[in-house]
K.L.:
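Below is one structure. I have some questions about it.
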Amino acid sequence: MCPHVQDYIRNMRPYIPGKPIEETRREYNLKKIIKLASNENPLGPSPKALVAIVDSLRELHRYPDGSCYELKQALAQHLNTVPSSLFIGNGSNEIIDLIIRAFCIPGDFILTAQAAFIVYKLCAQIHGAKTIEIPISDQFQFDLMAMVEQIKQNDKIKIVFLANPNNPTGTFFDHLEIRKFLTEVSKVRQGAVLVVIDAAYIEYLTHDNASDPTLLFKEFTNLIVLRTFSKIYGLAGLRIGYAVGKEELLSTLEKVRQPFNVNTLAVIAATHALKDQEFVKNSKEINTQGRLFWEKNFVNHGITFWKTQGNFVLVNTQKSFGKSGAEVYLECLKHGIIFRPLANYGLNHALRISIGLPEENQVALDILMSQKDG
Ligand SMILES: Cc1ncc(COP(=O)(O)O)c(C=O)c1O
């Protein structure tokens, strides 16, 4: 046993990403592979972002602009806020890590729900903080008022993390629920508990009651909202996301980040992708159609599933095929379809399918349905 490692690091299990295409190709010797495992944009990056990246390649000998001036200006205009209410990170994952680094000490707690995005718990562990997870219902409903009670009882809880919509459950909170939650949390210990709402999939919401919490920080000073360019903007490979909140909070993150935490190409791509709202609109449309395709076919084939508001759908493999999510995942992998098993979320009976292009969805559905017979 390595004597240099702290117990809280030794006990960690690393993040398990979606299986990469090249790895699958190597292991299974397959020509055609469809990856529907990491909630990526199946359309690729915005073409405008690609052109801008190519134009900037000659400047790569320079360090990036650590302040991300242009991107912050563009984002501030896009969101109707001021640049000082923005913080840019190396993907929203980095910002989750920085928030815990900045606002927790070892022995503190973060609060979230079962089956919440797993990176909250992993980052807490890295910093020696503990995670309390509030149970969720069979239908994956989060109990926000149980969270408030927990916060009242435990003054070591420093941060609450909620994803809206959540990955992997695809569930969301409506405007009234969020507002009530924020109001209640603000009353505890004079608003000392920070709330982080992770809105990585916010652009995909179609439900009438869904709403965007991004600007609620103007009312709730203990709120940080996370957004990303990895999903609808199609830039997951470049690693760029941002936080929106009060300057007092975000200036603390500026202190604890690396001097050049976001690379030049990522900043340029994000700035141009932001201007390409036509691409964002198309991406949403493809996703909404894809979600309807899967839902319609699940109903037609008698598949049990959970409705989601993200760019992914969730199948109950145990009820639908009498198999665990991992078993169905492995069988489909042999046919070149990469889905995402969710055992690390305690959801052994579920499989997550990212929504692809129409032709990808059709091929993946056919392979998935062959599990009924096997
Ligand atoms: C809820 C949620 N938040 C954050 C992220 C990470 O996004 P990024 O690529 O910006 O680090 C993901 C990625 O899957 C996610 O599902």
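Hydrogens, waters and symmetry mates play no part in the numbers below; they use all other heavy atoms, side chains included. These figures come from a predicted structure and were not determined experimentally. Atoms within each ligand, like the ligands themselves, are counted from 1 in listed order.
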K.L.:
Quick one: nearest non-hydrogen protein atom to atom 1 (C) of ligand 1, plus distance?
P.N.:
Asp198 OD2, 3.4 Å
K.L.:
Should Ser92 be listed as contacting ligand 1, given a heavy-atom distance under 4.0 Å as the test?
P.N.:
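The answer is yes, since Ser92 has a heavy atom less than 4.0 Å from ligand 1.
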K.L.:
Between Lys72 and Glu254, is there a side-chain N and carboxylate O pair less than 4.0 Å apart?
P.N.:
yes
K.L.:
Quick check on contacts: which atoms of ligand 1 are under 4.0 angstrom from a heavy atom of Ser230?
P.N.:
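Counting from 1, the qualifying ligand atoms are 8 (P), 9 (O), 10 (O).
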K.L.:
Taking Glu133 first and then Lys121, would you say they form a salt bridge - that is, a charged N and a carboxylate O separated by under 4.0 Å?
P.N.:
yes
K.L.:
Between ligand 1 and Asn39, can you find any atom pair, the residue atom being a heavy atom, that is separated by under 4.0 Å?
P.N.:
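Under 4.0 Å: no for Asn39.
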K.L.:
I'd like to check which ligand 1 atoms, numbered from 1 as shown, lie under 4.0 Å from a non-hydrogen atom of Asn167.
P.N.:
1 (C), 14 (O), 15 (C), 16 (O)
K.L.:
Consider every N or O of Tyr120 and every N or O of ligand 1, then say whether any pair is closer than 3.5 Å.
P.N.:
no
K.L.:
Please list, in number order, the atoms of ligand 1 under 4.0 Å from a heavy atom of Ala200.
P.N.:
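Every atom of ligand 1 under 4.0 Å from some heavy atom of Ala200: 2 (C), 3 (N).
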K.L.:
Looking at ligand 1, does Tyr201 have a heavy atom less than 4.0 Å from it?
P.N.:
yes
K.L.:
Determine, using heavy atoms of Arg239 and all atoms of ligand 1, whether some pair is separated by less than 4.0 Å.
P.N.:
yes
K.L.:
For atom 12 (C) of ligand 1, what is the nearest protein heavy atom, given as residue, atom name and distance?
P.N.:
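The answer is Phe117 CZ, 3.3 Å.
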K.L.:
Which pair of non-hydrogen atoms, one from Lys19 and one from Leu333, has the smallest distance, and what is that distance?
P.N.:
CD-CD2, 3.7 Å
K.L.:
So which protein heavy atom does atom 6 (C) of ligand 1 come closest to, and at what separation?
P.N.:
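For this ligand atom, the closest protein heavy atom is Asn93 OD1, 3.4 Å.
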K.L.:
Over all heavy atoms of both residues, which pair between Ser283 and Ile232 is shortest? Give the atoms and the distance, please.
P.N.:
CB-CG1, 3.6 Å
K.L.:
With no hydrogens and no angle check, do the side chains of Gln318 and Lys323 hold a donor and an acceptor under 3.5 Å apart?
P.N.:
no
K.L.:
Which of these passes ring pair (Phe, Tyr, Trp, His ring centres under 6.0 Å) with Phe312: Phe339, Trp306, Tyr201?
P.N.:
Tyr201
K.L.:
With a cut-off of 4.0 Å, which atoms of ligand 1 are near a heavy atom of Lys231?
P.N.:
13 (C), 14 (O)
K.L.:
For the ring pair Phe279 and Tyr233, is the centre-to-centre distance below 6.0 Å?
P.N.:
no
K.L.:
To the nearest 0.1 Å, how far is atom 10 (O) of ligand 1 from its closest protein heavy atom, and which atom is that?
P.N.:
Thr228 OG1, 2.5 Å
K.L.:
Do side-chain atoms of Arg227 reach the backbone of Ser92 as a donor and acceptor pair under 3.5 angstrom?
P.N.:
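No, Arg227 side chain to Ser92 backbone: no donor-acceptor pair under 3.5 Å.
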K.L.:
Does His301 use its side chain to pair, donor to acceptor, with the backbone of Asn297 at less than 3.5 Å?
P.N.:
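Here the side-chain-to-backbone pair exists.
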